Undergrad: 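Dumping the structure here so I can ask a few things about it.
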There are 2 protein chains.
Amino acid sequence: MGLTKADIFSKEQNRLAMLLKALAHPARIAILQRIMISNTCICGDLVGELGLAQATISQHLLELKSAGLIKGSIEGTSVCYCIDPDTWKVLESIIQDFLANYKGETVCCQ
Amino acid sequence: MGLTKADIFSKEQNRLAMLLKALAHPARIAILQRIMISNTCICGDLVGELGLAQATISQHLLELKSAGLIKGSIEGTSVCYCIDPDTWKVLESIIQDFLANYKGETVCCQ
DNA sequence: ATTATATATTGCAATATTACGATTGATTAT
DNA sequence: ATAATCAATCGTAATATTGCAATATATAAT
């Protein structure tokens, strides 16, 4: 069907999956790294740096924005993007919580 | 096209995106949580616990296995799954590295 | 050998994602 | 006003994902 049955999972499971999905593309990883490494907003530098068409990058930016991971502000003729600190904190927190469930190697399955 | 241009990104970016993609579904989150919370391998308990058909769960398990996140061993007529500790360590490490790029709130984009 | 049980695979339909060219909209410079 | 620049949106094609019924496979029990 191609349609996730979101209703049978918890709010937290859906939220984590949604955020991870937004991250789960090399172009979006690259965009976020570029923003974070600059430690500032970046304005339009992305096209040309990544080897993707302008429309494609705009689409990836929209996905990151829809997930709440970044926010953009119009700066003259270009648009500046930066990490949305609120969502980013949530992301860090729920990823930590998820990974913390792992208690280390087990002695089964040998 | 629907085909990611993996060749224009770094090995690390592709690897992180691949692992996050394997995680980025509420059913697979739920499966991993179930395995981790048991702190042992789990054998066939998944069908019935999640509200998905057996074929669907089998498919999600295959995706987790293909990404290297879990491994399975045949135990009589059922199959036991557990976290693959090697890949899991890599996952924790590269997620930490990725998140560590964030230097905190900036003063731009106001 | 036959049956029961558990998981994997196949085939299919519905929907989502990725990518890009072309176009549009908005702002700045001339 | 006009042109230039930048980013968003639209339309489209190719491919991927999600989900399940049906079937196949493999082991255990009778």
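Note on naming: letters A, B, ... go to the chains in the order of the sequence lines (proteins, then strands), and numbering restarts at 1 for each one. None of the values given here were measured: they were computed from a predicted structure.
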Undergrad: Contact class for B:Thr4 vs. all strands (heavy atom < 4.0 Å): base, sugar-phosphate, or nothing?
TA: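 Contact class for B:Thr4: sugar-phosphate only.
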
Undergrad: To the nearest 0.5 angstrom, please state how far the CD atom of B:Glu105 sits from the CD1 atom of A:Ile83.
TA: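 Those atoms lie 11.5 Å apart.
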
Undergrad: With sequence neighbours excluded, what pairs up with A:Ser78 under the side-chain hydrogen bond (donor to acceptor under 3.5 Å, both in side chains) test?
TA: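 Not a single residue meets the side-chain hydrogen bond (donor to acceptor under 3.5 Å, both in side chains) criterion with A:Ser78.
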
Undergrad: So, using side-chain hydrogen bond (donor to acceptor under 3.5 Å, both in side chains) as the criterion, who are the partners of B:Thr4 when residues are at least two apart?
TA: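 Expected list: A:His25.
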
Undergrad: Please report the C-alpha distance between B:Leu52 and A:Phe9 in whole Å, then the side-chain angles of each, then the deciding distance to 0.1 Å, and finally whether the side-chain contact (heavy atoms from CB on, under 4.5 Å) criterion is met.
TA: CA-CA 11 Å; B:Leu52 290 171; A:Phe9 303 105; 3.9 Å; yes

Undergrad: Just the table, please: protein N/O against nucleotides 14-17 of chain D N/O, every pair under 3.5 Å.
TA:
unit_1 : atom_1 : unit_2  : atom_2 : d
D:dA14 : N3     : B:Met1  : N      : 3.0
D:dA14 : N3     : B:Met1  : O      : 2.8
D:dA14 : N3     : B:Gly2  : N      : 3.0
D:dT15 : O4'    : B:Met1  : O      : 2.5
D:dT17 : OP1    : B:Lys21 : NZ     : 3.2

Undergrad: With DNA chain D as reference, determine whether A:Gln59 or A:Val79 sits nearer its 5' end, using the nearest nucleotide of each.
TA: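 It is A:Val79, whose closest nucleotide lies nearer the 5' terminus.
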
Undergrad: Starting at CE of B:Met36, measure out to CG of A:Leu99 and round the result to the nearest 0.5 Å.
TA: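 Answer for the CE-CG pair, B:Met36 versus A:Leu99, is 7.0 Å.
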
Undergrad: Nearest-Å distance, CD1 (B:Ile8) to P (C:dT18)?
TA: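 From B:Ile8 CD1 to C:dT18 P: 13 Å.
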
Undergrad: Please determine whether side-chain contact (heavy atoms from CB on, under 4.5 Å) holds for the pair B:Phe98 and A:Leu23, giving the CA-CA distance in whole Å, both sets of side-chain angles, and the decisive distance to 0.1 Å.
TA: CA-CA 11 Å; B:Phe98 174 72; A:Leu23 295 174; 4.2 Å; yes

Undergrad: In whole angstrom, what separates A:Met18's CE from D:dT18's C1'?
TA: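 Checked: the CE to C1' distance equals 19 Å.
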
Undergrad: Among residues 47-57 of chain A, which residues get a heavy atom nearer than 4.0 Å to DNA chain C?
TA: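 Within this stretch, A:Leu52, A:Ala53, A:Ala55, A:Thr56 sit under 4.0 Å of the strand.
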
Undergrad: Taking CD1 from B:Ile31 and P from D:dT18, how many angstroms apart are they, rounded to a whole number?
TA: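 Checked: the CD1 to P distance equals 11 Å.
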
Undergrad: Which residue, A:Leu62 or A:Ser78, contacts DNA chain D at a nucleotide closer to its 5' end, judged by nearest heavy atom?
TA: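 In this pair, the answer is A:Ser78.
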
Undergrad: Please report the distance, rounded to the nearest Å, between CD1 in B:Ile42 and P in C:dA6.
TA: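 In whole Å, C:dA6 P lies 14 Å from B:Ile42 CD1.
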
Undergrad: Does atom CD1 of B:Ile8 have more than 12 heavy-atom neighbours, drawn from other residues, nucleotides or ligands, at distances under 6.0 Å?
TA: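 Yes, the 6.0 Å shell around CD1 holds more than 12 heavy atoms from other groups.
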
Undergrad: Please write out the pairs of protein N or O atoms and N or O atoms of nucleotides 27-30 of chain C separated by less than 3.5 Å, giving the distance to one decimal.
TA:
none

Undergrad: Could you tell me how far apart B:Lys5 (NZ) and C:dT17 (C1') are, to the nearest whole angstrom?
TA: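 The distance from NZ of B:Lys5 to C1' of C:dT17 comes to 16 Å, rounded to the nearest Å.
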
Undergrad: Given the rule in the side-chain contact (heavy atoms from CB on, under 4.5 Å) test, do A:Arg34 and A:Glu49 qualify, once you have shown the distances and angles that lead to the verdict?
TA: CA-CA 10 Å; A:Arg34 178 71 179 72; A:Glu49 288 191 28; 2.7 Å; yes

Undergrad: To the nearest 0.5 Å, what is the distance between CG (A:Asp45) and CD1 (A:Ile31)?
TA: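 Reported value, rounded in 0.5 Å steps: 12.0 Å.
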
Undergrad: If you assign B:Ser58 and A:His60 each to the DNA chain C nucleotide with the nearest heavy atom, which residue ends up on the more 5' nucleotide?
TA: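 The residue closer to the strand's 5' end, by nearest nucleotide, is B:Ser58.
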
Undergrad: Output the distance between atom CG (B:Leu20) and atom CD1 (A:Ile29), rounded to the nearest 0.5 Å.
TA: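 It comes to 5.5 Å.
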
Undergrad: Give a yes/no answer on whether the side chain of B:Tyr81 brings an N or O atom under 4.0 Å of OP1 or OP2 in C:dA8.
TA: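 So the side-chain polar atoms of B:Tyr81 do come within 4.0 Å of the phosphate oxygens OP1 or OP2 of C:dA8, strictly under.
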
Undergrad: Would you list the atom pairs, donor with acceptor, under 3.5 Å between side chains in residues 53-70 of chain B and any protein atom, with sequence neighbours excluded?
TA:
unit_1  : atom_1 : unit_2  : atom_2 : d
B:His60 : ND1    : B:Arg28 : NH1    : 2.9
B:Glu63 : OE1    : B:Arg28 : NH1    : 3.4
B:Glu63 : OE2    : B:Arg28 : NH1    : 3.3
B:Ser66 : OG     : B:Leu62 : O      : 2.8

Undergrad: So if I take every side-chain heavy atom of A:Lys65 and compare against C:dT7, D:dG19, D:dA8, which nucleotide ends up nearest?
TA: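 Nearest to the side-chain atoms of A:Lys65, counting from C-beta on, is D:dA8.
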
